[in-house]
2 protein chains.
Amino acid sequence: MSNVFQALSSPVRRKILAFLSEASLTAGEIAGKFEMSKPALSKHLSILTNAGLISSEKKGQFVHYCLVKENLFASMNDFLVDFCPEGKPLKVESHAIAKEQRDME
Amino acid sequence: MSNVFQALSSPVRRKILAFLSEASLTAGEIAGKFEMSKPALSKHLSILTNAGLISSEKKGQFVHYCLVKENLFASMNDFLVDFCPEGKPLKVESHAIAKEQRDME
DNA sequence: TAGTTAATTAACTATTTAGTTAAATATATA
DNA sequence: TATATATTTAACTAAATAGTTAATTAACTA
């Protein structure tokens, strides 16, 4: 859990996740989207991997990275659930989480 | 947004939020729950305040802090929504975010 | 085999973060 | 008024973070 929020605290890493939510990419392709060295990106990728938010597969000389969406959602859920009072579960749709929550008060 | 995840990246600060989700507390009461100096706690409180996750009100010599639950949920929602494909909105209940998301794949 | 490309690891540096103690501020009370 | 209490701010230090370049590893290709 701590790993996950630590991983999400970086704008660069959140941007990596956003890219991967659209398509799987190789390490080099990801690095190409940032103005930063490949080793720096590689470190970000390893932090996201340790948090369980992405996974990788080596194909030849390339390493393909993809988002592990279920872990992202499971982590956020595990965290948010503690803020939902008993008998008043989250019951939301799409963009509406915040609004519904506001209406609960 | 970056403020929020930065704020949430600390276990101490997440614990503060958890305490405040049960009841509003003064700065001193919060500090009493941690083995850490009051100035250290004060800094954590100001980080959470800047992120919009808590608010405070001075009553006499005490400062009462409370959770701003709607901002917590709104922030999480704004983030997660980008990972929900169009036409496949989040539609979840209570502990089920992760599971529902898994079933979508 | 030699050379090239993709990616990671190692070694290092600058900056940020998280804590400390001491000082300051503001309110309450004897 | 003087003193005590609650909280924050200031000044500082140790540790963690995020980046750099150079070196290494692994796989492809001429």
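Small disclaimer: the values here were computed from a predicted structure and weren't measured. For the numbers below, each heavy atom of this structure counts, side chains included, while hydrogens, waters and symmetry mates do not. So you know, we letter chains A, B, ... as the sequences are listed, proteins then strands, and number each from 1.
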Atom-to-atom span, [atom1] of [X] to [atom2] of [N] - whole angstrom:
X       : N      : atom1 : atom2 : answer
A:Tyr65 : C:dT8  : OH    : P     : 4 Å
B:Leu45 : D:dT9  : CG    : P     : 11 Å
B:His44 : D:dT8  : NE2   : C1'   : 15 Å
A:Glu57 : C:dA6  : CD    : P     : 19 Å
A:Lys59 : D:dA26 : NZ    : C1'   : 18 Å
B:Phe62 : D:dT8  : CZ    : P     : 12 Å
B:Asn50 : C:dT17 : CG    : C1'   : 15 Å
B:Lys58 : C:dT27 : NZ    : C1'   : 7 Å

Just checking [X]: base, sugar-phosphate only, or nothing, at a heavy-atom cut-off of under 4.0 Å?
X       : value
B:Lys43 : base
A:Ala27 : sugar-phosphate
B:Gln6  : sugar-phosphate

With a 4.0 Å cutoff (strictly under), does any side-chain N or O of A:Ser37 reach OP1 or OP2 of D:dG19? no
So, is A:Thr26 close to the C:dA7 phosphate, meaning a side-chain N or O under 4.0 Å from OP1 or OP2? yes
Candidates [options] - which lies nearest the side chain of [X]:
X       : options                : value
B:Ser42 : D:dG19, C:dA6, D:dT8   : D:dT8
A:Met36 : C:dA26, C:dA18, D:dG19 : D:dG19
A:Ile47 : D:dA18, C:dG19, D:dA10 : D:dA18
B:Pro39 : D:dA18, D:dT9, D:dA11  : D:dT9

Walking DNA chain D from its 5' end, the first of A:Ser9 and A:Gly60 to be reached, judged by nearest nucleotide, is A:Ser9
Whichever of A:Glu35 and B:Lys38 has the more 5' nearest nucleotide on DNA chain D, that residue is B:Lys38
If you define the side chain from C-beta out and look only at heavy atoms, does anything of A:His44 sit under 4.5 Å from A:Met36? yes
Side-chain heavy atoms under 4.5 angstrom apart, residues restricted to Ile, Leu, Val, Met, Phe, Trp, Tyr: same cluster for B:Ile47 and B:Leu8? no
In this structure, would A:Leu25 and A:Phe34 fall into the same cluster of hydrophobic residues linked by side-chain contacts under 4.5 Å? yes
Supply the atom-to-atom distance B:Thr49 OG1 to B:Tyr65 OH, rounded to the nearest 0.5 angstrom. 5.0 Å
Could you tell me which nucleotide pairs with D:dA30 by Watson-Crick or G-U wobble geometry, both distances under 3.5 Å, or answer none if nothing does? C:dT1
Determine the minimum heavy-atom distance between A:Arg13 and A:Ala7, stating which atoms define it. NE-O, 2.8 Å
Just do the side-chain contact (heavy atoms from CB on, under 4.5 Å) check on B:Phe5 and B:Met76 with the steps written out, would you? CA-CA 9 Å; B:Phe5 280 106; B:Met76 292 299 101; 3.7 Å; yes
Using only modelled atom types and a 3.5 angstrom limit, is any donor from either the side chain of B:Gln61 or the base of D:dT5 paired with an acceptor on the other? yes
